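Everything below concerns the one structure shown next.
Every chain is numbered from 1, with letters handed out A, B, ... down the list of sequences. Predicted model only: the values in this text are computed from it and were never measured.
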There are 2 protein chains.
Amino acid sequence: MKDVAQLAGVSPKTVSNVLTGAVAVREGTRERVQAAMDELDFVPNLSARGLRNGRTGIIGVALPDLATAFSADLAHTIVEQAHERGLAVQFEETAAEPEREHDLVSRARTHLIDGLILNPVRLEDSVIERVDHLPPVVLIGEVEQHRADRVYVDSRVASREITEHVLSRGARRIAALGGAVRGQDGKATAGLRLLGYLDALRDAGLEADPQLQVDVEQWTIGGAAAAVEELLARQVPFDAVVAFTDTLAFGALHALHRAGLRVPEDVLVTGFDDVEHAAFTLPPLTTVAFTRTDYVSAALDLLSARFEERAGRRDDGPSQAVVIPHRLVLRESTQGTPAGYVPTGSP
Amino acid sequence: MKDVAQLAGVSPKTVSNVLTGAVAVREGTRERVQAAMDELDFVPNLSARGLRNGRTGIIGVALPDLATAFSADLAHTIVEQAHERGLAVQFEETAAEPEREHDLVSRARTHLIDGLILNPVRLEDSVIERVDHLPPVVLIGEVEQHRADRVYVDSRVASREITEHVLSRGARRIAALGGAVRGQDGKATAGLRLLGYLDALRDAGLEADPQLQVDVEQWTIGGAAAAVEELLARQVPFDAVVAFTDTLAFGALHALHRAGLRVPEDVLVTGFDDVEHAAFTLPPLTTVAFTRTDYVSAALDLLSARFEERAGRRDDGPSQAVVIPHRLVLRESTQGTPAGYVPTGSP
DNA sequence: ATGAAAGCGCTAACAT
DNA sequence: ATGTTAGCGCTTTCAT
């Protein structure tokens, strides 16, 4: 920058002013500086700027697994919107080891990021609590947590509604794909969606059968397919599968087909998230949709607001929660009254 | 750091030594310093370190669209492996605007990254050429480009092989889904895969029908489905679809099913990349597979080698190219001899 | 094995 | 509207 200043016959500060645009610079001066920058092929050093300003313009995003359809969709939307706001995005994955979530949060300060968007798998209140001097954190997705800003859809209500829809089609033995109640160590998302499912059963006067609460080890298509195959092998009769994510539903569709069961004639299937593929499965999948861009812009708005608080040395306000509205998208996978899966052999 | 030094009764340099581990520190001193760091909840400032060292420990990754299954898979693998190597990963998307690719490369220096992994959509030689003083760049995927390191699978050969496989099943009118020959502005990947397809037809003594080279505007499931629907509407007979990516094949499966055509009884379908979902479609998809981890570790190895060159102030060696082996994965979507789609109406 | 001093590139504060 | 000064937090000489 000194070189540019010298070539343009100004001081480094003026070059800085031209770059940041914060302070007015006379037109002629600006042009000379600009010419000098072009001439020298000058690019500002963001490390230095970051050191000086205490802000890097990078936000961190931590998702369970970037290869999962929903996370990928989210990642795409975040990058797109962050780019529009002049922010770069650094990604981390949290699903590999359970401790990684805590590690990530506690070391967030070191990682050159101004703030963190975190989609926790099983974050407990304590994690945020234990760590002080954090950069702003926005939690997305379900988590019982009141120390940090949050953006989420009302999973419990959505799950109840989609279960009610399946009930309205005549299903009575509905499998919940994504996890049984398992205390604290289960996935937060799974917990709430299971509660919604149970709400619907209770309201319909049905008893919940624990055999129909199907745990899935790996939340992948293959993991879900294996879980449904095991359910079939256990000879448990059922006439619908309410999956806690679209990815799990994809696995269910596959396993049911391999078993010779038809969707929706024999078994109804629903998902959650409405990823692109959900509209193109065979049959297309009934699922819960919400506007991805609203979801992401709410998260970025919350972060930005915190940035400004800090810049203005204002006190941090109380944590905010934004609920993104959801809606049911009805497709062929629930069009009809299911005949049900009736085990043929002995259990 | 000064505070830590003071509390531990040493100089800042010693604290630095403890942190980096580069220089030996006496055991007792190390412990005192460590205790002081814990006491003060000290975290090193990476901006400062980056400024001083000229390296940030962040690499940039530019992919066309993070929501696409293949990109998402790649992103996942990159984050995972970079994490193991102590690198953080910053993502950008390039598909939105065509100019973004060039923008990205030319501004790479500003973005706090030590190196760039770029999956170009249509990068021409000139882009790298025009930009000087770049950080190390590794290109992944197809691109005619000899100025930067590259990692790729031999798309042309793979495409020829999968087309030959479809021919061996008896298909004769094979649609290529992903783009016709369109000169310089087409996608590099599409170009090579089309060439492989044409190679196979030629070797089989078949004439290529331009009507069967189906352009896809948006490389999404929906875009591919629309393109296949349009092909059907044009009343062009065909008995197989060789799609240039799995995502495109998913769209084809959907469109064919909606049109009442069965796969593989009426039409064979193949994909490319072997993303997870390819094994779970109805029917499961024959596709081209390659080991994702090898692909990514080759890219990271190339980058790391360049980092070391620069650190050692050695001259940059000539650019390297690593070809990752591929293999055909045969699944049900090509099991059988297709009856073919025979238009019923008049064209 | 440890310390002292200097400087990486930038910008906020203050001066002009 | 522009220049001067100082310092962000770290690490690399060079001493000791």
Side-chain angles (χ1 to χ4, degrees), chain A residues 1-37 40-58 107 109-114 133 135 307 310-313, chain B residues 1-37 40-58 107 109-114 133 135 307 310-313:
Chain A
M1 209 160 98
K2 218 187 297 178
D3 299 343
V4 173
Q6 194 158 9
L7 182 60
V10 297
S11 79
K13 172 59 181 161
T14 303
V15 179
S16 172
N17 287 341
V18 171
L19 276 172
T20 59
V23 181
V25 177
R26 202 178 299 146
E27 191 52 37
T29 317
R30 150 171 287 114
E31 277 163 17
R32 284 211 321 288
V33 171
Q34 191 62 54
M37 293 199 300
L40 296 178
D41 197 20
F42 168 82
V43 174
N45 178 321
L46 293 197
S47 276
R49 187 178 287 174
L51 174 58
R52 178 66 243 224
N53 291 346
R55 315 188 342 104
T56 57
I58 306 180
R107 283 209 301 264
R109 287 172 293 164
T110 84
H111 276 302
L112 280 171
I113 61 172
D114 296 337
H133 314 300
F307 293 162
R310 305 230 167 166
R313 279 165 203 83
Chain B
M1 209 161 99
K2 217 187 297 179
D3 299 343
V4 173
Q6 194 160 7
L7 182 60
V10 297
S11 79
K13 168 60 180 160
T14 304
V15 178
S16 171
N17 286 341
V18 170
L19 276 172
T20 60
V23 181
V25 177
R26 202 177 300 148
E27 190 52 37
T29 317
R30 148 170 290 114
E31 276 164 17
R32 282 211 322 286
V33 171
Q34 191 61 55
M37 293 200 300
L40 296 179
D41 197 19
F42 168 82
V43 174
N45 178 320
L46 293 197
S47 277
R49 185 178 288 175
L51 174 58
R52 179 65 243 223
N53 291 345
R55 313 188 344 102
T56 56
I58 306 181
R107 283 209 301 264
R109 287 172 293 163
T110 84
H111 276 303
L112 279 171
I113 62 171
D114 297 337
H133 315 298
F307 292 161
R310 306 230 165 165
R313 281 164 205 81

Axial bend angle, the helix from C:dA1-D:dT16 to C:dT16-D:dA1: five-pair end segments, nearest 10°: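 It works out to 30° between the end axes.
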Approximate separation, where rounding is to 0.5 Å, of [X] [atom1] and [Y] [atom2]:
X: A:L7; Y: A:F42; atom1: CG; atom2: CZ; answer: 12.5 Å
X: A:N17; Y: A:S11; atom1: CG; atom2: OG; answer: 7.5 Å
X: A:M37; Y: A:D3; atom1: CE; atom2: CG; answer: 13.5 Å
X: B:T14; Y: B:R32; atom1: OG1; atom2: CZ; answer: 9.0 Å
X: B:R30; Y: B:L19; atom1: CZ; atom2: CG; answer: 10.0 Å
X: B:L112; Y: A:L46; atom1: CG; atom2: CG; answer: 4.5 Å

Under 4.0 Å protein heavy-atom contacts per nucleotide of nucleotides 6-16 of chain D, with B for base, S for backbone only and - for none: BBBBBBB----
Interatomic distance where CG belongs to B:L112 and P belongs to C:dC10 [whole Å]: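 Checked: the CG to P distance equals 12 Å.
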Pairing residues for B:R55 by the side-chain contact (heavy atoms from CB on, under 4.5 Å) criterion, not counting sequence neighbours: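 For B:R55, the residues satisfying side-chain contact (heavy atoms from CB on, under 4.5 Å) (neighbours in sequence not counted) are B:D114, B:F307.
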OP1 or OP2 of D:dG3 under 4.0 Å from side-chain N/O of A:T14: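 Yes.
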B:V18 and B:V10, any side-chain heavy atoms less than 4.5 Å apart: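 No, side chains not in contact.
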